[in-house]
Amino acid sequence: MSQKKLFHDPVLSQEVLSELVSAETRTIFDGTLGLGGHAELILNNFPNIALYIATDLDSQHLEFAKKRLQKFKNKTRFFRGNFSNLVSILAENKPEHPLVILLDLGLCSNQVDDAEKGFAFSVDGPLKMSFAGNNGAEKLINSASAHELSKILKEYGEEPLAVKIANQIVKSRCAPQGGGEISPIKTTQELREIVEKSVHPQNRKKTLVRVFQAIRIAVNDELNVLKKTIDDAFGIMQNGDRLGIIAYHSLEDRIVKNKFKQASQPKTAETEFSLHDIVEDAHFRLLTKKPIKPSAEEISRNPRSRSATLRIIEKIK
Ligand SMILES: C[S@@+](CC[C@H](N)C(=O)[O-])C[C@H]1O[C@@H](n2cnc3c(N)ncnc32)[C@H](O)[C@@H]1O
């Protein structure tokens with residue numbers, strides 16, 4: 001695909017520039033480089049940044065962003081891989097501090113629109129849904145039991161018809177009674193039709209959104225990766241380092257909110273005199289008492305930003 005064809009409007013970009021990065025920042029770890037939208041803005045606005053380390057699982061994105069950021073080649077380092085590798089990547093690249101870690105979770109617009117990436121129910125494509133580009137969703141949909149599928153739909157999609165849809169998926173991929181070929185489900189449209197059979201026409205779109213989201217989260221193990229990465233980041237952050245996360249749905253935002261809240265509260269213990277004696281001060285300060293949301297102007301310019309939530313935490317001791 002040509003350099004010109006890919007597009008993604010970086011979300012909450014002004015807020016990332018004003019609240020997350022500062023004139024003191026020396027290194028950025030951008031775990032979700034995407035098309036390099038945030039990266040370009042940050043590097044243009046903060047010439048003092050000495051090192052910009054970036055990861056993405058999507059090799060097409062990395063190639064695109066590398067070209068886009070060509071003029072910063074002396075300070076950029078790119079890695080194809082999961083941002084959950086941040087500890088080893090940072091250990092090898094010796095960042096200067098303060099360090100800013102940015103995670104802009106989820107998908108780029110072009111990943112949704114590109115049928116070949118197999119994420120969307122609105123276009124027909126191979127059943128992939130993997131950031132790394134493999135056929136993870138096809139494997140999952142054709143091998144998981146009805147029980148496993150309904151658990152995924154319930155936990156990751158909060159789907160009320162999880163059991164019914166899971167049974168319908170299993171029924172569809174099995175040989176018809178009386179023989180015939182087993183027919184694996186291979187495309188996004190086949191999955192769409194199966195889901196549509198299980199729901200009232202009025203609820204189709206919302207159900208499809210929930211089902212496709214749930215399968216994508218399972219294929220990429222998104223919530224566990226997020227939990228591990230936050231814990232690992234807390235473990236290596238030094239005084240003045242910041243972690244900023246943009247989440248796009250309540251399941252991931254809940255994880256960020258709870259982990260940030262816990263880390264920014266002092267440890268207390270029950271003593272003889274009080275139930276809440278502080279035994280250890282907090283090592284982090286929450287910079288976003290209220291989460292940062294896109295402005296009405298941003299939402300009207302880029303409707304896909306509407307569910308975004310940015311939370312930022314800073315290491316203080
Ligand atoms: C919302 S886009 C980022 C857009 C980027 N901030 C920009 O301005 O262009 C999310 C990106 O993160 C990548 N991604 C998602 N999960 C990942 C993970 N666990 N490790 C590495 N990259 C991941 C996706 O492939 C996608 O390119």
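Start at 1 and go down the list; that is how both ligands and their atoms are numbered. Throughout, numbering of the chain's residues begins at 1 and tracks the sequence. Quantities reported herein were computed from a predicted structural model and do not represent experimental measurements.
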Colleague: Just jot down the ligand 1 atoms closer than 4.0 angstrom to any heavy atom of Gly36, in number order.
Modeller: 9 (O)
Colleague: Can you tell me the protein heavy atom closest to atom 24 (C) of ligand 1 and the distance?
Modeller: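 Answer for atom 24 (C) of ligand 1: Asp56 OD1, 3.5 Å.
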Colleague: When you check the side-chain N and O atoms of Gln189 and Thr187, is any donor under 3.5 Å from an acceptor?
Modeller: no
Colleague: For atom 4 (C) of ligand 1, what is the closest protein heavy atom, and at what distance to 0.1 Å?
Modeller: Asp104 OD2, 3.4 Å
Colleague: State whether the side chain of Thr188 and the backbone N or O of Gly118 hold a donor-acceptor pair below 3.5 Å, judged by distance alone.
Modeller: no
Colleague: Short list, please: which atoms of ligand 1 are under 4.0 Å from a heavy atom of Asp58?
Modeller: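 Checking each atom against Asp58, I get 25 (O).
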Colleague: Taking heavy atoms and a distance under 4.0 Å, where does His38 meet ligand 1: side chain, backbone, both or neither?
Modeller: both
Colleague: Consider only side-chain heavy atoms of I, L, V, M, F, W and Y, link residues closer than 4.5 Å, and tell whether Leu90 and Leu33 are in one cluster.
Modeller: no
Colleague: Using a 4.0 Å cut-off to any heavy atom of Leu33, which atoms of ligand 1 qualify?
Modeller: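 Going through ligand 1 atom by atom, the ones under 4.0 Å from Leu33 are 5 (C), 7 (C), 9 (O).
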Colleague: For ligand 1, is there an N or O atom under 3.5 Å from any N or O atom of Gln111?
Modeller: yes
Colleague: Would you say Asn142's side chain and Ile185's backbone share a donor-acceptor pair under 3.5 angstrom?
Modeller: yes
Colleague: Please indicate whether any nitrogen or oxygen in Val225 is less than 3.5 Å from any nitrogen or oxygen in ligand 1.
Modeller: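 In fact, backbone or side chain, Val225 has no N or O that close.
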Colleague: Suppose we measure from atom 22 (N) of ligand 1 to each protein heavy atom; which comes out shortest, and what is that distance?
Modeller: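 Going atom by atom, the protein heavy atom closest to atom 22 (N) of ligand 1 ends up being Leu57 N, 3.3 Å.
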Colleague: Test of understanding: given a 4.0 Å heavy-atom threshold, classify the contact between Leu105 and ligand 1 as side chain, backbone, both, or neither.
Modeller: backbone
Colleague: Nearest to atom 14 (N) of ligand 1, what protein heavy atom do you find, and at what distance?
Modeller: Thr32 CG2, 4.1 Å
Colleague: Looking at Leu99, is its backbone amide N or carbonyl O close enough to the side chain of Asp241 to form a donor-acceptor pair, meaning the two atoms are under 3.5 Å apart?
Modeller: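 Judged by distance alone, yes, a pair lies under 3.5 Å.
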Colleague: Under a 3.5 Å distance rule, please check whether Lys315 uses its side chain to pair with a backbone N or O of Ile236 as donor and acceptor.
Modeller: no
Colleague: What atoms of ligand 1 come within less than 4.0 Å of a heavy atom belonging to Gly81?
Modeller: 20 (N), 21 (C)
Colleague: Just need the protein heavy atom nearest to atom 19 (N) of ligand 1, so name the residue and atom and give the distance.
Modeller: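 Residue, atom and distance for the closest contact: Asn82 OD1, 3.0 Å.
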Colleague: Do side-chain atoms of Thr27 reach the backbone of Glu96 as a donor and acceptor pair under 3.5 angstrom?
Modeller: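 Side chain of Thr27 to backbone of Glu96, a donor-acceptor pair under 3.5 Å: yes, one is there.
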Colleague: Would you name the heavy atoms of Arg80 and Leu57 that are closest together and state the gap between them?
Modeller: NE-O, 3.0 Å
Colleague: When you check the side-chain N and O atoms of Asn44 and Lys71, is any donor under 3.5 Å from an acceptor?
Modeller: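 Yes - a donor-acceptor pair under 3.5 Å links their side chains.
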Colleague: So for Glu222, does at least one of its heavy atoms come nearer than 4.0 angstrom to any atom of ligand 1?
Modeller: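 No.
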Colleague: Check whether Ser307 reaches the backbone of Tyr248 with its side chain - one donor and one acceptor, N or O, closer than 3.5 Å.
Modeller: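 Confirmed, Ser307 side chain pairs with Tyr248 backbone.
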Colleague: How does Phe131 reach ligand 1, by side chain, by backbone, by both or by neither, if only non-hydrogen atoms under 4.0 Å count?
Modeller: side chain
Colleague: Give the numbers and elements of all ligand 1 atoms closer than 4.0 Å to a heavy atom of Gly31.
Modeller: 21 (C), 22 (N)
Colleague: Write out the residue and atom name of the closest protein heavy atom to atom 20 (N) of ligand 1, then the distance separating them to 0.1 Å.
Modeller: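 The closest heavy atom on the protein side is Phe83 N, 3.0 Å.
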Colleague: Around Glu297, counting heavy atoms of other residues, nucleotides and ligands shown, do more than 12 lie under 6.0 Å from its CD?
Modeller: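 It does: Glu297 CD has more than 12 such atoms within range.
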Colleague: Examine distances only and state if a side-chain atom of Glu40 and a backbone atom of Leu69 form a donor-acceptor pair shorter than 3.5 Å.
Modeller: no
Colleague: Suppose I only count heavy atoms of Gly106 and a 4.0 Å limit; which atoms of ligand 1 are within that range?
Modeller: 10 (C), 11 (C), 12 (O), 15 (C), 24 (C), 26 (C)
Colleague: Which bit of Leu107 is near ligand 1, meaning a heavy atom under 4.0 Å away: side chain, backbone, both or neither?
Modeller: backbone
Colleague: Using modelled atom types only, decide if a donor and an acceptor are shared between the side chain of Lys128 and the backbone of Glu116 within a distance under 3.5 Å.
Modeller: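 Yes, because the side chain of Lys128 sits within donor-acceptor range (under 3.5 Å) of the backbone of Glu116.
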Colleague: Go through ligand 1 atom by atom and flag the ones less than 4.0 Å from a non-hydrogen atom of Gly37.
Modeller: 7 (C), 8 (O), 9 (O)
Colleague: Any nitrogen or oxygen of Pro10, side chain or backbone, less than 3.5 Å from one on ligand 1?
Modeller: no
Colleague: Relative to atom 2 (S) of ligand 1, which among Gly133, Ala132, Cys108, Ser130 owns the nearest non-hydrogen atom?
Modeller: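 Going through Gly133, Ala132, Cys108, Ser130 one by one, Cys108 has the nearest heavy atom to atom 2 (S) of ligand 1.
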